[in-house]
Amino acid sequence: MEETKRLLPLTEKIMRIIAAACLVGMAAMTGADVVMRGVFNTPIFGCEEIVSILGVVAVGFALPYAHYQKSHIGVEILVRRLPKRVRDVFGLVTNLATLFLAAIITWRMYDYAATLSESGEVSMNLELPEYMVVYVLAFGFLVYSACLLSDIVKYFTGRRG
């Protein structure tokens with residue numbers, strides 16, 4: 001039981017590091033492409049695809065971190081004026097609705113990735129398998145769903161922070 005309590009925060013931390021590395025990679029690739037275009041008149045082949053893939057990974061892997069940091073969009077001006085109990089219930093309802101939506105997105109993305117895998121769909125220039133990118137994004141949503149579920153369980157067990 002103790003290992004499962006640490007698994008989700010550890011997974012979130014690893015995903016956060018990967019997301020940050022993807023952002024650095026996007027900046028480096030874009031900068032290198034601009035220099036190559038300007039100095040040598042030769043763009044980096046497939047740069048747009050690589051930057052797009054890194055962007056997808058960054059967004060998908062940053063979801064759990066954004067949830068724990070409460071970096072998502074909120075209606076704070078209204079909610080902070082409510083009593084604590086009402087705010088807690090409002091947070092529970094929001095987490096339940098978000099979990100429902102994120103679970104559907106996760107399921108459909110895994111299904112879509114399987115379809116792409118079967119069809120052999122590849123990217124236009126580098127011919128990278130597109131299903132892998134969709135699986136990675138679906139994994140990000142899966143971990144995000146687990147974070148939401150963890151918060152819902154904490155609400156009902158009285159261990160909310």
Side-chain angles (χ1 to χ4, degrees), residues 1-30 48-123 128-161:
M1 183 68 170
E2 192 63 35
E3 287 113 18
T4 56
K5 286 182 185 178
R6 284 184 268 170
L7 182 62
L8 197 55
L10 177 64
T11 304
E12 179 272 322
K13 182 178 182 180
I14 292 168
M15 290 173 69
R16 176 178 11 129
I17 292 167
I18 293 170
C22 287
L23 287 175
V24 171
M26 289 172 65
M29 281 295 297
T30 303
E48 295 88 358
E49 285 179 16
I50 294 169
V51 169
S52 297
I53 290 169
L54 290 173
V56 168
V57 175
V59 168
F61 277 24
L63 284 171
Y65 177 70
H67 175 72
Y68 281 133
Q69 294 298 310
K70 305 213 181 305
S71 300
H72 42 70
I73 297 172
V75 190
E76 285 298 315
I77 198 161
L78 172 68
V79 175
R80 77 175 140 199
R81 295 174 191 244
L82 299 173
K84 178 161 177 23
R85 179 74 180 136
V86 175
R87 284 194 316 255
D88 289 346
V89 171
F90 189 76
L92 173 66
V93 171
T94 302
N95 280 343
L96 284 168
T98 306
L99 175 62
F100 178 73
L101 180 64
I104 290 173
I105 291 170
T106 303
W107 163 50
R108 296 304 299 159
M109 287 187 115
Y110 272 108
D111 191 41
Y112 180 57
T115 302
L116 286 175
S117 176
E118 289 172 11
S119 70
E121 188 82 26
V122 294
S123 63
L128 300 171
E130 290 183 355
Y131 72 92
M132 296 293 281
V133 177
V134 179
Y135 273 133
V136 167
L137 187 57
F139 176 75
F141 271 96
L142 179 68
V143 175
Y144 177 51
S145 298
C147 293
L148 290 164
L149 183 60
S150 172
D151 282 357
I152 292 167
V153 169
K154 286 177 188 174
Y155 177 86
F156 287 112
T157 58
R159 292 182 287 132
R160 43 187 187 267

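Side chains of Val136 and Phe61 form a contact here, defined as non-hydrogen atoms less than 4.5 Å apart. Put simply, the side chain of Val133 does not reach to within 4.5 Å of the side chain of Leu137, judged on heavy atoms. Residues Val56 and Val134 have side chains not in contact (no heavy-atom distance under 4.5 Å, counting atoms from C-beta outward). Between Phe141 and Ile104 the shortest side-chain heavy-atom distance does not fall below 4.5 Å. With contacts defined as side-chain heavy-atom distances shorter than 4.5 Å, the pair Met15/Tyr65 does not qualify.
A salt bridge does not link Arg85 with Asp88: every distance from a Lys NZ or Arg NE/NH1/NH2 to an Asp or Glu carboxylate oxygen is 4.0 Å or more.
Counting all heavy atoms, side chain and backbone alike, Ala58 lies closest to Ala19 at O-CB, 3.6 Å. Taking both residues in full, the closest heavy atoms of Ala146 and Leu8 are given as O-CD2, 3.7 Å, listed atom of the first, atom of the second, then distance. Across all their heavy atoms, Ile152 and Leu96 have their closest contact at CD1-CD2, 3.6 Å. For the residue pair Tyr131 and Ala113, the shortest heavy atom distance occurs at CB-O, 3.2 Å. Listed here is the closest heavy atom pair of Val122 and Glu130: O-OE2, 3.4 Å. Between His67 and Asn95, the shortest heavy-atom distance links the atoms CE1-OD1, 3.8 Å.
To the nearest 0.5 Å, atom CE of residue Met132 and atom CG of residue Leu116 are 12.0 Å apart. Distance check, rounded to the nearest 0.5 Å: CG of Leu148 to CG of Leu101 gives 10.0 Å. To the nearest 0.5 Å, atoms CG (Leu142) and CZ (Phe139) are separated by 6.5 Å. With values rounded to the nearest 0.5 angstrom, Leu128 atom CG is found 12.5 Å from Glu121 atom CD. How far CE of Met109 is from CH2 of Trp107: 14.0 Å, rounded to the nearest 0.5 Å. Residue Lys154 holds its NZ atom at 14.0 Å from CG of Leu92, rounded to the nearest 0.5 Å.
In this structure, Tyr135 and Tyr110 have tilted ring planes: the angle between them lies in the 30° to 60° band.
Proximity of a side-chain donor or acceptor of Arg87 to a complementary backbone N or O of Leu82 within less than 3.5 Å is detected. For the pair Thr11 (side chain) and Leu7 (backbone), a donor-acceptor distance under 3.5 Å is present. Listed for the Ser145 side chain is no donor-acceptor partner under 3.5 Å among the backbone atoms of Leu99. A distance-only check finds a donor-acceptor pair linking the side chain of Thr30 to the backbone of Met26 [under 3.5 Å].
Checking Leu63, Thr106, Ile105 one by one against Tyr144, the side chain to side chain contact (heavy atoms under 4.5 Å, CB included) holds for a single residue, Leu63.
Every residue meeting the salt bridge (Lys or Arg N to Asp or Glu O under 4.0 Å) condition with Glu48, not counting sequence neighbours, appears here in chain and number order: Arg37.
Under 3.5 Å, the side chains of Ser123 and Glu49 contain a donor-acceptor pair of N or O atoms.
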